Amino acid sequence: MQRLTNRRILLGITGGIAAYKSAELTRLLKGAGADVRIVMTPAATEFITPLTLQALSGHPVHLQLLDPEAEAGMGHIELAKWADLILIAPASADFIARFSAGMGDDLLTTLCLATDAPICLAPAMNQAMWRDPRTQDNVRQLSAQGVTLLGPGVGAQACGDTGPGRMLEPEELAELAAEQFEHGALSGLRVFITAGPTREPLDPVRYISNHSSGKMGYALAEAAVDAGASVKLISGPVTLTPPSRVDCVQVETAEEMLAASLDGIAGCDLFIAAAAVADYRPISVAEHKIKKGNEEIMELRLTKNPDIVATVAGLSEQRPYTVGFAAETRDVIGYARSKLARKGLDLIVANDVSNPDIGFNSDDNAVTLVSADDEVALPQASKRQLARQLIEQIAQHYHQSTK
Ligand code: C5P
């Protein structure tokens, strides 16, 4: 089973006798290709040693919220952002109660508050504790908030009782963890994403380009993969490492980006144009380096580049659902709306690049998703978090359009 390849699973272990099974669960998740990081509550360490889990996961185990050494490596917020899935197995009655009350009194509850990754709980407790109305209220509340419950199973318990409250077996939990990635909002869809700047050469050593970092497009590619899509990322020159599980095509010029975008477009369901394509390119590229002359002013002659997203949106056959970006400095929504109509797009993501805290080269962004009849504002967040929200929203619009 390699269905968890490159998935980042944060396995939370709380205090219960079933914690000994978490060792086997770690082994199975790793065997399925996942990168597993372990967080243990203090009570969990009474049942199984962190050393065992460190050896099995291949990473130091995270134990405390305010551990300066751990924070210097991967701090609690980074860990919360890192995870594609948080799986808590076993989840004790006490943990469930603290989590449903919104507490952040240890590392694991804090991570659950700070993450935007899906959370799965595998409850494990004595049958009477499971049946207790307070526990039942807590799990009901958590599942209404989108937390997935895996189990519990019914049967003989370590304490001698029989009934509901057994943690599901590690094989079953590993299988269910894999399934969490197969029901994504873009499950089974083919998505093309353009990202980064283009480079338009003047001569063999010079080019015209812009400051686009590619961060937004790369974050979208990662979020789309996490949502179950198969992704082709068509990237201009950037310094980012392509996300794993993405088919990344590197290009330089707008014309190359267009060719890569149209290659296989018949099989593309959703096209997202996040690239900052140069609007113009030098009319011709000098064969040799252009030498400095005596003239004070040098003129460049430029010709218009093809509009990639408008070309895709204008396809008469097998046109994918098409989403563009509009980076504006004033009347952001107004300009975005006219661009939506002019380019024939289904959706446009408008962002205000006059604010230096967001947009182009920064790690954060804040955008408004504009469709012909609606606007949804997504407030400032990291590009990674925003990408997840955008992918969710875009997927909803896409599915509505295919109804
Ligand atoms: O026209 P403007 O550059 O403002 O439009 C931005 C949107 O159009 C972005 O989605 C960008 O990726 C796309 N675009 C394109 N090809 C161009 C210019 C822009 O795909 N030549």
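Note that this is a predicted model, so its numbers are computed, not measured. When a ligand or atom number is given, it counts from 1 through the structure's own listing order.
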Checklist entry - atom 5 (O) of ligand 1: which protein heavy atom is closest, and how many Å away? => result K343 NZ, 2.9 Å
Item to check | Residue pairs passing the salt bridge (charged side-chain N to carboxylate O under 4.0 Å, His left out) test where at least one lies in residues 88-100, sequence neighbours excluded | outcome: D94-R98, R98-D105, R98-D106
Checklist entry - Considering distance alone, does some N or O of I308 sit under 3.5 Å from an N or O of ligand 1? => result yes
Checklist entry - Which protein heavy atom lies closest to atom 20 (O) of ligand 1, and at what distance to 0.1 Å? => result V309 N, 2.8 Å
Checklist entry - Roughly how far apart are E172 CD and L25 CG, rounded to 0.5 Å? => result 11.5 Å
Next on the checklist: We want to know whether R190 and S230 form a side-chain donor-acceptor pair, criterion being a heavy-atom distance below 3.5 angstrom.
Outcome noted: yes
Next on the checklist: I need the atoms of ligand 1 closer than 4.0 Å to a non-hydrogen atom of G324, numbered in the order shown.
Outcome noted: 10 (O)
Checklist entry - Can you tell me which residue and heavy atom of the protein come closest to atom 17 (C) of ligand 1, and the distance to 0.1 Å? => result V277 CB, 3.4 Å
Checklist entry - Can D374 and H397 be counted as having a side-chain donor-acceptor contact under 3.5 angstrom? => result no
Checklist entry - To the nearest 0.1 Å, how far is atom 4 (O) of ligand 1 from its closest protein heavy atom, and which atom is that? => result K339 NZ, 2.4 Å
Next on the checklist: I'd like to know if the side chain of Q127 pairs up with that of R131 as donor and acceptor (distance under 3.5 Å, no hydrogens or angles considered).
Outcome noted: yes
Checklist entry - Judging by distance only, is a nitrogen or oxygen of A326 under 3.5 angstrom from one on ligand 1? => result no
Item to check | Shortest non-hydrogen separation from L29 to A177 and the atoms involved | outcome: CD2-CB, 4.1 Å
Checklist entry - Out of S212, A313, A273, A336, whose heavy atom is nearest to atom 10 (O) of ligand 1? => result A273
Item to check | Sequence neighbours excluded, every pair satisfying ring pair (Phe, Tyr, Trp, His ring centres under 6.0 Å) that has a member inside residues 309-344 | outcome: Y321-Y398
Next on the checklist: Is there a polar contact between ligand 1 and E328, counting only N or O atoms under 3.5 Å apart?
Outcome noted: no
Checklist outcome for this item: When distances are taken from atom 3 (O) of ligand 1, the protein heavy atom at minimum range is D279 OD1, 3.9 Å
Checklist entry - Does an N or O from T194, backbone or side chain, lie closer than 3.5 Å to an N or O of ligand 1? => result no
Next on the checklist: Before you tell me yes or no, could you show the steps for K339 and R342 under side-chain contact (heavy atoms from CB on, under 4.5 Å), namely the whole-Å CA-CA distance, both residues' side-chain angles and the distance that decides it to 0.1 Å?
Outcome noted: CA-CA 5 Å; K339 214 167 273 184; R342 183 159 36 84; 3.8 Å; yes
Next on the checklist: For atom 7 (C) of ligand 1, what is the closest protein heavy atom, and at what distance to 0.1 Å?
Outcome noted: F325 O, 3.0 Å
Item to check | For M40, the option from T14, L63, L107 that meets side-chain contact (heavy atoms from CB on, under 4.5 Å) | outcome: L63
Checklist entry - Which heavy atom of the protein is the closest neighbour of atom 12 (O) of ligand 1, given with residue, atom name and distance? => result A275 O, 2.6 Å
Checklist entry - Does A276, backbone or side chain, put an N or O under 3.5 Å from an N or O of ligand 1? => result no
Item to check | Within-cut-off N or O pair, A274 and ligand 1, under 3.5 Å | outcome: no
Checklist entry - Closer than 4.0 angstrom: is that true for some heavy atom of P306 and an atom of ligand 1? => result yes
Checklist entry - Do T198 and E200 have a side chain donor and acceptor closer than 3.5 Å? => result yes
